[in-house]
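So that the names make sense, note that chain A is the first sequence line, chain B the second, and so on, each numbered from 1.
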Protein chains: 2
Amino acid sequence: MKGEKEYLAAYNIHDYDIPLVGVDAVLFTYHGDMLKLLLVERRNHPDKNKWALPGGFVDKQSDKTLEDTVLRKIQEKTGVEPPYLEQLKTYGNALRDKRGWSITVCYTALISHQVCAPHVVSVSDVAWVAYDELSNYSLGFDHLEIITHARERLKQKSLYSVIPAYALPQKFTLPELQNLHEVLIGKPLQKKSFRRRIEQAGLFEDTGEKRTEKGRPATLYRMKDSSACFTFVRNLEQ
Amino acid sequence: MKGEKEYLAAYNIHDYDIPLVGVDAVLFTYHGDMLKLLLVERRNHPDKNKWALPGGFVDKQSDKTLEDTVLRKIQEKTGVEPPYLEQLKTYGNALRDKRGWSITVCYTALISHQVCAPHVVSVSDVAWVAYDELSNYSLGFDHLEIITHARERLKQKSLYSVIPAYALPQKFTLPELQNLHEVLIGKPLQKKSFRRRIEQAGLFEDTGEKRTEKGRPATLYRMKDSSACFTFVRNLEQ
DNA sequence: CCAATAGTGTCTGTTAGACATTATAGA
DNA sequence: TCTATAATGTCTAACAGACACTATTGG
């Protein structure tokens, strides 16, 4: 009977018929009153010249975890690390990739538009695409399905959390955040209800600064560390 | 410049250094007033003789999807398919498996104890283990972390859905379901609150049958198809 | 002054918590 | 009748919806 040492020494991953494994990120931001996401135009086969989510394969040398892989891929395209990253779902089947049985571990990430705008502009094959204009883009693989699922999850989160705030700059106003939630939910919210729950939960910190565009200046807030994991017991109306 | 056909013809997955990929299932049930889950005693290296979640590797021939893989693995150990299966999370890093960089796509499944009891009894390396007695078992890999996460998610679901009902037999009583929710949440619930929301949402169907143990007979219900996806807008108190 | 936007006051409606009460079985 | 459990009645508290109101800026 072999011991574990002998077993591991004789073990060779290439003896097995393993599916292809990668990661993909749905990176959302909010800009110009629109929900946008980052797409990459594919330069290689398969699905060459189609648009796809930023993603790629695990590098067993440089990546210690799946999060390392997805952060590395996001950094390649945006130049920065997003403040919010959460695993979405893993898609795996025999048909989603022409190269054969393949798996992608998908993440949802949120980032402010301004913080990665300079780098994105400098990279030719990357673009911020408004979610509502996705139909103008030919997407590779099953990425439309993945994006749709990420969008739906983000909508749900906007009903019981303030996680969408990570798609805004560090300092933001409450009307700004409410607008984002309204875009996500697809209908207007009661200003009073929206502000009340955030105040009562003590989620944000007043920066002391104001921003004036038109009308009365709006207070600028920043998130507290605790606000990422806070969930309201009661959802907003859908 | 090569076309896609040539690219795919030349493509060989074994040219790449790919992580090991498998699936695992946290299969819960409710029996003897306890939340239990299915564990398998490992017969092979690595982590031989430790207990682990039912799971294994994708068989690219027999499995068309990841769900096929996990259902096949659950069937091997229980003889049946669970009525509830949902993806939990994917764990992937360089250290979780001694064989090297590995990924496991994890699922939560629910099933009634009675429907798979006969088969489980007949398989020597499989056991239903009470969640509260997990500390008596030496678990392989990172399976304790996975189980803990699945348990937490199931607790959350008990606050805003009736999904735990899938861990009961097809016909069940409301006090029975409430007991399960109380075990999951870890504190007693108001009988009135619990029943009211289920009635108002019209989630269950009266079978017309009653079950008498001690005291007044309890009405037996069955789930409607819609009840799996129903979520209450307001959570029960935690 | 007005227009525009930020932010508040306050009433209503819904629903969970609390807990007393009634209903139906077996012994 | 008594005990045990199932199921209901009803009051309260919390909080979201609705919408009128006030506050603060620029022109």
ask   = Counting side-chain heavy atoms from CB outward, which of D:dA6, C:dT14, D:dA4 is closest to B:R216?
value = D:dA6
query = Please give, in whole Å, the distance from D:dG26 P to A:E213 CD?
reply = 13 Å
ask   = Are B:E67 and B:V23 close enough that some pair of their side-chain heavy atoms sits under 4.5 Å apart?
value = no
request  = May I ask you to evaluate whether A:K192 reaches the phosphate of C:dT8, defined as a side-chain N or O under 4.0 Å from OP1 or OP2?
outcome  = no
inquiry  = Ring of B:Y91, cation from B:K89 - is the NZ or CZ under 6.0 Å from the centre and inside 45° of the axis?
reply    = yes
key: Any A:S193 side-chain nitrogen or oxygen under 4.0 Å from OP1 or OP2 of D:dG17   = yes
Nearest listed nucleotide, side chain of A:L236, among C:dG7, D:dA16, D:dA7 = D:dA16
request  = Please report, rounded to the nearest Å, how far the C1' atom of C:dT5 is from the CG atom of A:D33.
outcome  = 14 Å
remark   = Between CD of B:E237 and P of D:dA13 the distance, given in whole Å, is 14 Å
task = In whole angstrom, give the distance that lies between atom NZ of B:K214 and atom P of D:dT5.
result = 4 Å
message = Is any side-chain heavy atom of A:V40 closer than 4.5 Å to one of A:K77?
response = yes
note = Of the listed D:dC19, D:dT10, D:dA6, the closest approach to the B:K191 side chain comes from D:dA6
ask   = Out of D:dT25, C:dA25, D:dG17, which nucleotide sits closest to the side chain of A:T212?
value = D:dT25
task = Would you kindly give the CD-to-C1' distance between A:Q190 and D:dA20, to the nearest whole Å?
result = 12 Å
key: Verdict with supporting geometry, A:L203 and A:F232, side chain to side chain contact (heavy atoms under 4.5 Å, CB included)   = CA-CA 11 Å; A:L203 290 179; A:F232 299 97; 3.7 Å; yes
ask   = Under 4.0 angstrom, heavy atoms only, what part of the nucleic acid is B:T219 near: base, sugar-phosphate, or nothing?
value = sugar-phosphate
ask   = With a 4.0 Å cut-off on heavy atoms, is B:R196 in touch with a base, just the backbone sugar-phosphate, or nothing at all?
value = base
query = For DNA chain C, whose closest nucleotide is more 5', that of B:N235 or that of B:G215?
reply = B:N235
task = Tell me what A:E176 touches on the nucleic acid: a base, only sugar-phosphate, or nothing, going by heavy atoms under 4.0 Å.
result = nothing
ask   = Per the side-chain contact (heavy atoms from CB on, under 4.5 Å) rule, which among B:L37, B:T78, B:L110 passes with B:L27?
value = B:T78
Separation of D:dT8 P from B:R197 CZ (nearest whole Å) = 17 Å
task = Would you kindly give the CZ-to-C1' distance between B:R234 and D:dA14, to the nearest whole Å?
result = 6 Å
task = Using a heavy-atom cut-off of under 4.0 Å over every strand shown, decide if B:K210 touches base, sugar-phosphate, or nothing.
result = nothing
key: A:R195 CZ - C:dT10 C1' separation (whole Å)   = 17 Å
query = Touch check for A:L189, heavy atoms < 4.0 angstrom, all strands: base, sugar-phosphate only, or nothing?
reply = nothing
